[in-house]
Amino acid sequence: MTFTDHELSDLYHFWQYIAYLLGIDERLYREVIDQKSAQEILELIDSTTEGASQDSKVLVQAMLEAITGILQPSLKLPPATIFNLVSAITRHLHGNVLADQLDIKKTWISNYHLQRLPISCPTS
């Protein structure tokens, strides 16, 4: 999925509204208006968080298994194949460093295959 700059702007406004509805202090989100500012705050958050715990690894595996179960009736593929696909997409979206910390399986589905999927957005 690719977003135009205007669509990304709308998306950031939407997330600001959700943060407002959740009662989050606006100092934490008001300045996040584009990919660059989002990356900056993400790096700040990442610099203060610890690595993956055993609980987070278990939670991620449960989520991957749940998504596999949800997709299986529609895709009509063996659950193991869907799990590999979901794991590969998750690794692709979150990067290998975090995926390795969370013990997300490396699968036969390579980044080469995933780069053909429409799941990206501009960096500016």
Side-chain angles (χ1 to χ4, degrees):
M1 180 179 309
T2 302
F3 297 100
T4 66
D5 289 339
H6 181 74
E7 290 169 330
L8 279 173
S9 177
D10 288 346
L11 186 62
Y12 280 106
H13 283 104
F14 177 66
W15 281 110
Q16 287 180 356
Y17 182 62
I18 290 173
Y20 165 78
L21 291 175
L22 291 172
I24 297 172
D25 186 329
E26 74 176 44
R27 293 175 296 175
L28 298 174
Y29 63 83
R30 193 50 73 184
E31 299 298 319
V32 181
I33 57 170
D34 56 22
Q35 295 290 80
K36 183 177 184 280
S37 57
Q39 183 64 39
E40 289 170 358
I41 194 141
L42 180 60
E43 289 171 2
L44 180 63
I45 292 168
D46 286 347
S47 72
T48 63
T49 57
E50 295 181 20
S53 69
Q54 186 59 35
D55 289 340
S56 59
K57 293 175 186 181
V58 169
L59 181 62
V60 166
Q61 290 306 308
M63 180 216 43
L64 295 173
E65 290 170 10
I67 292 170
T68 297
I70 291 167
L71 292 175
Q72 204 283 322
S74 298
L75 296 180
K76 297 183 180 9
L77 295 169
T81 301
I82 297 170
F83 185 83
N84 285 337
L85 177 62
V86 170
S87 296
I89 291 171
T90 303
R91 287 189 77 82
H92 179 74
L93 292 174
H94 295 286
N96 286 324
V97 172
L98 180 58
D100 288 343
Q101 290 174 1
L102 293 169
D103 291 339
I104 297 171
K105 180 180 178 182
K106 291 181 182 175
T107 71
W108 56 269
I109 302 170
S110 68
N111 279 339
Y112 171 78
H113 294 100
L114 292 177
Q115 289 170 352
R116 295 173 170 220
L117 296 175
I119 50 175
S120 64
C121 59
T123 56
S124 60

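Everything quoted here is computed from the prediction, not taken from an experiment. The basis for the numbers below is simple: all heavy atoms, side chains too, and nothing from hydrogens, waters or symmetry mates.
- Here Ile67 is tied into one hydrophobic group with Val60, Met63, Leu64, Leu71, Leu75, Leu77, Ile82, Phe83, Val86, Leu98, Leu102, Ile104, each link being a pair of ILVMFWY side chains closer than 4.5 Å.
- When only modelled atom types and interatomic distance are considered, Glu65 and Gln61 share no side-chain donor-acceptor pair under 3.5 Å.
- Separation of atoms CZ (Arg30) and CD1 (Ile24) is listed at 11.5 Å; rounding is to 0.5 Å.
- Comment: Lys36 does not engage Asp34 in a salt bridge, judged by the lack of any side-chain N to carboxylate O separation of less than 4.0 angstrom.
- Residue Trp108 holds its CH2 atom at 6.0 Å from OG1 of Thr81, rounded to the nearest 0.5 Å.
- To the nearest 0.5 Å, the span separating CG on Asp103 from CD on Gln101 amounts to 10.0 Å.
- The heavy-atom pair separating Gln16 from Val32 by the smallest distance is NE2-O, 3.0 Å.
- Looking only at side-chain heavy atoms (C-beta outward), Ser37 and Glu31 stay at 4.5 Å or farther from each other.
- The shortest distance between side-chain heavy atoms of Asn84 and Ser87 does not fall below 4.5 Å.
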**Request:** List the steps, then state whether side-chain hydrogen bond (donor to acceptor under 3.5 Å, both in side chains) holds for Gln35 with Gln39.
**Result:** CA-CA 6 Å; Gln35 295 290 80; Gln39 183 64 39; over 6 Å; no

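- Note that the OH atom of Tyr12 and the OH atom of Tyr29 stand 15.5 Å from one another [nearest 0.5 Å].
- Here the closest non-hydrogen pair linking Arg91 and Lys105 is CD-O, 3.2 Å.
- The shortest non-hydrogen separation linking Thr68 to Pro79 is CG2-O, 3.4 Å.
- Trp15 and Leu42 fall into different hydrophobic clusters, defined by Ile, Leu, Val, Met, Phe, Trp and Tyr side-chain heavy atoms under 4.5 Å apart, directly or through other members.
- Few gaps surround NZ on Lys57; more than 12 heavy atoms of other groups in view lie less than 6.0 Å from it.
- Residues Tyr17 and Leu8 are members of one and the same hydrophobic cluster, defined by side-chain heavy-atom contacts under 4.5 angstrom among Ile, Leu, Val, Met, Phe, Trp and Tyr.
- Leu44 and Ile33 sit in two unconnected hydrophobic clusters of ILVMFWY residues. Membership requires side-chain heavy atoms under 4.5 Å apart, directly or through other members.
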